[in-house]
K.L.:
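My questions all concern the structure below.
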Amino acid sequence: MRRTRIFAVFLTILLLCAGCSRQPEPVQRQVFAMDTFMTLTAYGDGAAQALADAEGYLTVLEDAISVTQPDSDLSALNQAQGSPVQVSEETFPLLLAALSLCGDTGGALDITAYAAVRAWGFTTGEYRVPDPQELAQLAAQIDYSAVQVEAVSRTVTLPDGMAMDLGAVAKGWAGAQLHAQLEQAGVTSAILSLGGNIQTVGSKPDGSPWRVGIQDPASDQGACLASVAVRDMAVVTSGGYERYFQQDGVTYWHILDPDTAAPARSGVASATIVGPDGTTCDALSTALFVLGAQGAEQLWRDHPELNFDYVLVLEDGSIHITQGLENAFTLAQDDTDRKVTVISHE
Ligand code: ADP
Ligand code: MG
């Protein structure tokens, strides 16, 4: 009897050790695409090939939707002056998804804001503050509902003078496509960091959830103020601190309010969206930054089908999280006295 028990203990230890030594090594790939550094990490059989394929996909997608490459679909659209343009198989479904999300957000996300983005110099780094008259003209030309699409021929028509940019949704879309591709390749554990967009695949190799940090918008050093524990989810943050310039003591950032064509000032310092669909998360991170705390809450209540939760860090440092994240959300240890409000369905 006792011998059996000793043997059982011995066997358990042996199995545990075997388990440890079988922990797969990560495969990692650094990619520069879509104007940002990306780090792709995956574990297990097939991970190396899957990440090589992922890099290939990112290049193809970037070539299709870049606003700076002269032969991309987006450049063709932005130069067409009102004529229809046939776009590639890569661009068309992304564009449709983006337009649909523009509608869901009541135009807080508007992919036709590009002329304004350009006027502020956010594409070139030659920053300037357009005067009120110019802003009024730019705002009048932002209207996603004026974009015409024809599905059979994959044809898109922009009104003359309007310009489009998929930058607010492209990395989320890329994450979602790669999630599907990696799953198909049999990868059950991966984390993709696509410049502020995190896409997780499955869980950590030991089966525990991924912990994704949320940056403190007020920290110069990029310190994290909290984390969320997730499996198979995207975690996407938009913040004014990501790209901005200062002039005469005023900070101007790259997320614009489509109503004014000027940087959105809603009292939100950063918006993080957590959900199963990367495209939705990316679109909503931009939109919630524009909408502010009240608008965010309204959108969350009105659109359960979008299947998302959020963490808003407000400019006064307080935090709003939605109910679905209550158990997944942890404040950083040195930050535990921060005010956190949980938004619930009641
Ligand atoms: P990032 O791409 O820096 O992670 P976002 O996903 O929030 O951040 O996208 C911001 C980019 O989208 C801007 O750089 C600009 O090109 C474009 N943009 C800015 N404001 C809007 C808006 N209200 N709707 C759609 N696109 C926007
Ligand atoms: Mg976004």
Side-chain angles (χ1 to χ4, degrees), residues 33-38 61-62 65-68 74 78 94-95 97-125 127 135 138-139 141-145 147 162-176 192-199 214-215 217 234-245 252-266 268-275 277-292 295-296 299 306 308 310 312-313:
M34 301 182 189
D35 209 22
T36 190
F37 284 101
M38 303 184 171
L61 182 64
E62 174 169 29
I65 62 165
S66 163
V67 278
T68 49
L74 268 281
N78 289 340
L94 161 54
L95 201 144
L99 284 173
S100 159
L101 285 155
C102 290
D104 291 333
T105 63
L109 174 82
D110 195 317
I111 55 173
T112 65
Y114 188 57
V117 172
R118 212 165 34 191
W120 284 89
F122 284 112
T123 43
T124 55
Y127 300 120
L135 285 179
L138 289 164
Q141 278 183 323
I142 303 176
D143 180 10
Y144 71 91
S145 69
V147 179
M162 187 181 270
M164 181 192 276
D165 152 36
L166 298 170
V169 288
K171 285 175 277 173
W173 171 268
L192 314 174
S193 170
L194 313 173
N197 284 37
I198 305 292
Q199 174 70 57
I214 296 174
Q215 205 173 313
V235 181
V236 181
T237 300
S238 287
Y241 59 88
E242 286 173 334
R243 190 171 297 189
Y244 63 89
F245 69 97
Y252 300 94
W253 44 72
H254 69 313
I255 301 173
L256 305 184
D257 182 341
D259 285 343
T260 62
R265 300 198 190 277
S266 66
V268 171
S270 77
T272 299
I273 315 294
V274 182
D277 178 54
T279 316
T280 305
C281 292
D282 199 0
L284 296 184
S285 72
T286 309
L288 266 55
F289 187 90
V290 173
L291 288 170
L299 186 77
L306 292 176
F308 70 104
Y310 65 75
L312 294 185
V313 183

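In this text the structure is predicted, and so the values were computed from the model without any measurement. Both counts, for ligands and for their atoms, begin at 1 and track the order of listing. The basis for the numbers below is simple: all heavy atoms, side chains too, and nothing from hydrogens, waters or symmetry mates.
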K.L.:
Mind checking the CG-OG1 spacing from Leu312 to Thr237? Nearest 0.5 Å is all I need.
P.N.:
10.5 Å
K.L.:
Rounded to the nearest 0.5 Å, what's the gap from CD1 on Ile65 to CE on Met164? Could you check?
P.N.:
11.5 Å
K.L.:
Between His254 (side chain only) and Arg243 (backbone N and O only), is there a donor and an acceptor less than 3.5 Å apart?
P.N.:
yes
K.L.:
Name the residue from Leu99, Leu109, Leu101 that meets the side-chain contact (heavy atoms from CB on, under 4.5 Å) definition with Tyr144.
P.N.:
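By the side-chain contact (heavy atoms from CB on, under 4.5 Å) criterion, Tyr144 pairs with just one of Leu99, Leu109, Leu101: Leu99.
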K.L.:
At a cut-off of 2.8 Å, list the protein N/O/S atoms near the Mg ion (ligand 2), residue plus atom name.
P.N.:
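Per the 2.8 Å query on the Mg ion (ligand 2), atoms found are Ala168 O, Asp282 O, Asp282 OD1, Thr286 OG1.
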K.L.:
Between Tyr244 and Tyr252, is the gap from one ring center to the other below 6.0 Å?
P.N.:
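Between Tyr252 and Tyr244, which both carry aromatic rings, the centre distance is not below 6.0 Å.
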K.L.:
With sequence neighbours excluded, what pairs up with Phe37 under the ring-ring contact (aromatic ring centres under 6.0 Å, His included) test?
P.N.:
Phe32
K.L.:
List the residues meeting salt bridge (charged side-chain N to carboxylate O under 4.0 Å, His left out) with Asp259, not counting sequence neighbours, and say none if there are none.
P.N.:
none
K.L.:
Can a donor-acceptor pair be found, under 3.5 Å and without considering hydrogens, that links the side chain of Lys171 to the backbone of Gly196?
P.N.:
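Checking the backbone N and O of Gly196 against the side chain of Lys171, no donor-acceptor pair under 3.5 Å is found.
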K.L.:
Spell out, as yes or no, whether a donor-acceptor pair under 3.5 Å connects the side chain of Trp173 to the backbone of Leu95.
P.N.:
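Side chain of Trp173 to backbone of Leu95: no pair is present.
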K.L.:
Put together the list of close N/O pairs, under 3.5 Å, between ligand 1 and the protein, could you?
P.N.:
from, atom 1, to, atom 2, distance (Å)
ligand 1, 2 (O), Lys171, NZ, 3.2
ligand 1, 3 (O), His254, NE2, 2.9
ligand 1, 4 (O), Lys171, NZ, 3.1
ligand 1, 6 (O), Ala168, O, 3.4
ligand 1, 6 (O), Asp282, OD1, 3.1
ligand 1, 6 (O), Thr286, OG1, 3.2
ligand 1, 7 (O), Ser238, OG, 2.6
ligand 1, 7 (O), Thr286, OG1, 2.7
ligand 1, 16 (O), Asp165, OD2, 2.6
ligand 1, 20 (N), Leu256, N, 3.0
ligand 1, 23 (N), Ala108, O, 3.1
ligand 1, 23 (N), Leu256, O, 2.8
ligand 1, 24 (N), Asp110, N, 2.9
ligand 1, 24 (N), Asp110, O, 3.3

